[in-house]
Enquirer: 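Pasting a structure below so you can have a look.
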2 protein chains.
Amino acid sequence: MAGRRPTLDDVARAAGVHKATASRALNPETRNQVKSETAHRITVAARRLGYVPNTLARGLRTSRSTAVGVLVPDLTNPLFPPIVRGIQDRLDAHGYTALLVNTDNDEARERAQFAELASRRVDGFIVATARRQHPLLAEAAERGTALVTVNRTVELPGTPAVVGDDADGVAQAVAHLRLLGHTRIAHLAGPQSVSTGAVRLRAFLQQAGPAGGAVVECAGYTEQAGRAATRRLLDQYPGTTAVLAGNDLIALGALAELAARGRRCPRDLSVVGFNDMPFADRFQPPLTTVRVPHHEMGVQAAQLLVDLLTGPQTIARTVVLPTQLVVRDSTAAPPPPP
Amino acid sequence: MAGRRPTLDDVARAAGVHKATASRALNPETRNQVKSETAHRITVAARRLGYVPNTLARGLRTSRSTAVGVLVPDLTNPLFPPIVRGIQDRLDAHGYTALLVNTDNDEARERAQFAELASRRVDGFIVATARRQHPLLAEAAERGTALVTVNRTVELPGTPAVVGDDADGVAQAVAHLRLLGHTRIAHLAGPQSVSTGAVRLRAFLQQAGPAGGAVVECAGYTEQAGRAATRRLLDQYPGTTAVLAGNDLIALGALAELAARGRRCPRDLSVVGFNDMPFADRFQPPLTTVRVPHHEMGVQAAQLLVDLLTGPQTIARTVVLPTQLVVRDSTAAPPPPP
DNA sequence: CTGAAAGCGCTTACAG
DNA sequence: CTGAAAGCGCTTACAG
């Protein structure tokens, strides 16, 4: 658009030096290789001309794009903006840029987006779409692609991940419900194809003990799936007095189904969510939920990837971030038995 | 990361042709320039080798990055994910990629991010951070940078924009309140440095008529600013029975201040928001608000920019999208006078 | 400390 | 229809 941007050669000419010298002067890492007086002259010329280095040309030469691909299912799912923001913040601090794509939980779309990112030669990937079994990620890891998963894990040994301590979160939630007097606690489990769904269910079963609690699996982490699952739950296990939802959206579905049946939360049924998504405190009723540090998750994932990209031989770590139950108004003592 | 990706030359060699021919065969636009048998051989070789074209190299040569810079204040503001998603969806359809950055309403940060995008040679910008007076955008427009604003406008003649019909939205909201019987309607105006703040205020004053309604300006489109403004409003204009908030976050602040004073919505005060942000229907109380088609806004903004970038001499249009009042539970008839 | 040269991976007039 | 060559804007060994 702009009428030909000045190049390094333009700057060099203006400063009366060779473009190689200009390149060295303008790069902080090599600036000490040039006489400070010359460097200064070049800097001034660059500023005067409004020179903006061409990152693409630089990347072509160095085979590093300083760009990172970020895969999320859908940015409009309120879970992801804080994660993405955390990623961007930390990436920025290291001079990287995020290339963000949505997969809509569609494998074909995910492959297309992945190829698009690859064609832009991203240096690595931060993946929030991981399923436990994930051929695309397996292939990428096989090729030596730098890869970090966030919020979820993939069952690929050696793939670094940043996740919340979901098991502890479940334990806190169940303990809270027990303390209120609940004995018939059910779990609206998230999809078992995804690590969070599996981990939270396993933790629930462990907390529920040998007697066990009712479990209904949701088709997805959506309000609609949560509502459908709640329908089944209330029909099959009418004695249930408390529910631990796989996430906040599922909890929202439970609240909707409750309302549709003319039952009240928490009077008739206590509901605990998972994630503490934005504005969960403003819902009707304000939602008791397990807070997961999403922004920090993104920050750590970005840091992990940067370490991988720049470090000599960084060990692949998995970072587990603490979770915390936030008690609000959707939980209360169980109703007296009829 | 991956052990040297195959280049066009590798593909050409594998197919026994010159790389120029391979280039033509692999590009849909030039494929007809090569014998279809040869083209097929090249395509097969490319697939076999797992060839992924290098968009950076292509961009260097063609001086088109097929990337677009997108500026938002803060992705975690629930207003923006739908807009960004709309942008991405339409950009994708045209082979463009969005480079998304957050400015945090900080001018220095915005300049830094803008320069970063410029260094990545984005073909144009979609700007959701526009202020009415915006030196950075003025400079960019001056240089001939392709630019579209979304949701807000900048006072730069000839700059295309996609906005909601805010004036009509305000009219609908005020009419609704009037019909309920309200006569003392106040406006918690958004910041006047931003077009939405100014347009909605102007429309409100027009609807309020010569008698006028109370107006308090918020320092920002935030819950906190909304709460502070509500405090001033209730102190100075205790007779107010209904409030039109500059946006939903401001409305949320109003609800918070109300709750803190032990007053109820809608019984003591009706509140109308603006935007219909995600989950506004799940708030306590479900919020009456003016729906703005954010996803569509993003779609249209992306289309406008693509037109600008690819069209011969496209006229700069401004697109105004319809808004619609959504009546929920935060509005009711005014309380009987004491 | 600075310059000359090569090359990153493409595309595209220009020949043939 | 295909090839040879130049060049997009950088960086970086290699000389001097």
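Atoms considered below: every heavy atom in the structure, side chains included; atoms not considered: hydrogens, waters and symmetry mates. Numbers restart at 1 for each chain; the letters A, B, ... are given by sequence-line order, proteins then strands.
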Enquirer: Using whole Å, report how far NE2 of A/His40 lies from C1' of C/dT2.
Expert: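 Going from A/His40 (NE2) to C/dT2 (C1'), I get 19 Å.
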Enquirer: Just do the salt bridge (Lys or Arg N to Asp or Glu O under 4.0 Å) check on A/Arg131 and A/Glu110 with the steps written out, would you?
Expert: CA-CA 12 Å; A/Arg131 282 166 281 117; A/Glu110 182 171 47; 3.5 Å; yes
Enquirer: Using a 3.5 Å limit on both distances, find every run of at least three consecutive Watson-Crick or G-U pairs that involves DNA chain D.
Expert: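 Consecutive-pair runs (3 or more) involving DNA chain D: C:1-3 with D:14-16, C:5-12 with D:5-12, C:14-16 with D:1-3.
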Enquirer: Show every salt bridge (Lys or Arg N to Asp or Glu O under 4.0 Å) that has at least one partner inside residues 68-79 of chain B, sequence neighbours left out.
Expert: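 Salt bridge (Lys or Arg N to Asp or Glu O under 4.0 Å) check on residues 68-79 of chain B returns A/Arg85-B/Asp74.
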Enquirer: For residues B/Glu116 and A/Thr97, is any side-chain donor paired with an opposing acceptor at under 3.5 Å?
Expert: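 Side chains of B/Glu116 and A/Thr97: pair found under 3.5 Å.
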Enquirer: B/Thr7 side chain N/O closer than 4.0 Å to the phosphate oxygens (OP1, OP2) of C/dC8?
Expert: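 No, no such contact exists.
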Enquirer: For the pair made of CG in B/Asp123 and P in D/dC8, what is the distance, rounded to whole Å?
Expert: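 That distance rounds to 18 Å.
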Enquirer: Between P on C/dC8 and CG on B/Asp9, what's the gap in Å once rounded to a whole number?
Expert: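 Going from CG in B/Asp9 over to P in C/dC8 covers 9 Å.
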Enquirer: Please give, in whole Å, the distance from C/dC1 C1' to A/Arg41 CZ?
Expert: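 Result: 12 Å.
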Enquirer: Thinking salt bridges, do A/Arg111 and A/Glu139 make one under a 4.0 Å N-O criterion?
Expert: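 Salt bridge between A/Arg111 and A/Glu139, a charged N being under 4.0 Å from a carboxylate O: yes.
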Enquirer: Have B/Ser65 and B/Tyr96 got a donor and an acceptor in their side chains that come within less than 3.5 Å?
Expert: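 Not at all, the side chains of B/Ser65 and B/Tyr96 share no donor-acceptor pair under 3.5 Å.
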Enquirer: Would you kindly give the CZ-to-C1' distance between B/Arg5 and C/dC8, to the nearest whole Å?
Expert: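 It works out to 15 Å between those atoms.
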Enquirer: For residues 11-27 of chain A, which residue pairs pass the side chain to side chain donor-acceptor pair (under 3.5 Å) check, not counting sequence neighbours?
Expert: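 Those involving residues 11-27 of chain A are A/Asp10-A/Arg13.
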Enquirer: Given 3.5 Å as the limit, does a donor-acceptor pair link the side chain of A/Asp106 with the main chain of A/Arg109, or not?
Expert: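 Yes; at least one donor-acceptor contact below 3.5 Å.
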Enquirer: Short of 4.0 Å, heavy atom to strand atom, which residues of residues 50-62 of chain A count as contacting DNA chain C?
Expert: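 Contacts with DNA chain C under 4.0 Å: A/Leu60, A/Arg61.
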Enquirer: Quick one: B/Leu8 CG to C/dC8 C1', roughly how many Å, whole number?
Expert: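 Those two atoms, CG and C1', are 14 Å apart.
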Enquirer: I need the CZ-C1' distance between A/Arg64 and C/dG9, as an integer number of Å.
Expert: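 The answer, rounded to whole Å, is 18 Å.
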Enquirer: Please give me every residue in residues 17-32 of chain A whose heavy atoms get under 4.0 Å of an atom in DNA chain D, ordered by residue number.
Expert: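 By residue number: A/Lys19, A/Ala20, A/Ser23, A/Arg24.
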Enquirer: Under a 3.5 Å threshold, yes or no: a donor from one side chain and an acceptor from the other, between B/His94 and B/Gln303?
Expert: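 Distance-only check passes for B/His94 and B/Gln303.
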Enquirer: Quickly work out the A/Arg121 CZ to C/dC8 C1' distance and round it to whole Å.
Expert: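 Whole-Å distance recorded here is 11 Å.
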Enquirer: Is there any side chain to side chain donor-acceptor pair (under 3.5 Å) pair reaching into residues 38-63 of chain A, and which pairs are they, with sequence neighbours excluded?
Expert: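 Listed by first then second residue: A/Arg31-A/Thr43, A/Thr55-B/Ser119.
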Enquirer: Should B/Asn151 and B/Val163 be marked as a side-chain contact (heavy atoms from CB on, under 4.5 Å) after you check the CA-CA gap, both sets of side-chain angles, and the distance that decides it?
Expert: CA-CA 4 Å; B/Asn151 191 43; B/Val163 295; 5.9 Å; no
Enquirer: Given the rule in the side-chain contact (heavy atoms from CB on, under 4.5 Å) test, do B/Leu137 and B/Leu156 qualify, once you have shown the distances and angles that lead to the verdict?
Expert: CA-CA 8 Å; B/Leu137 296 184; B/Leu156 279 176; 4.2 Å; yes
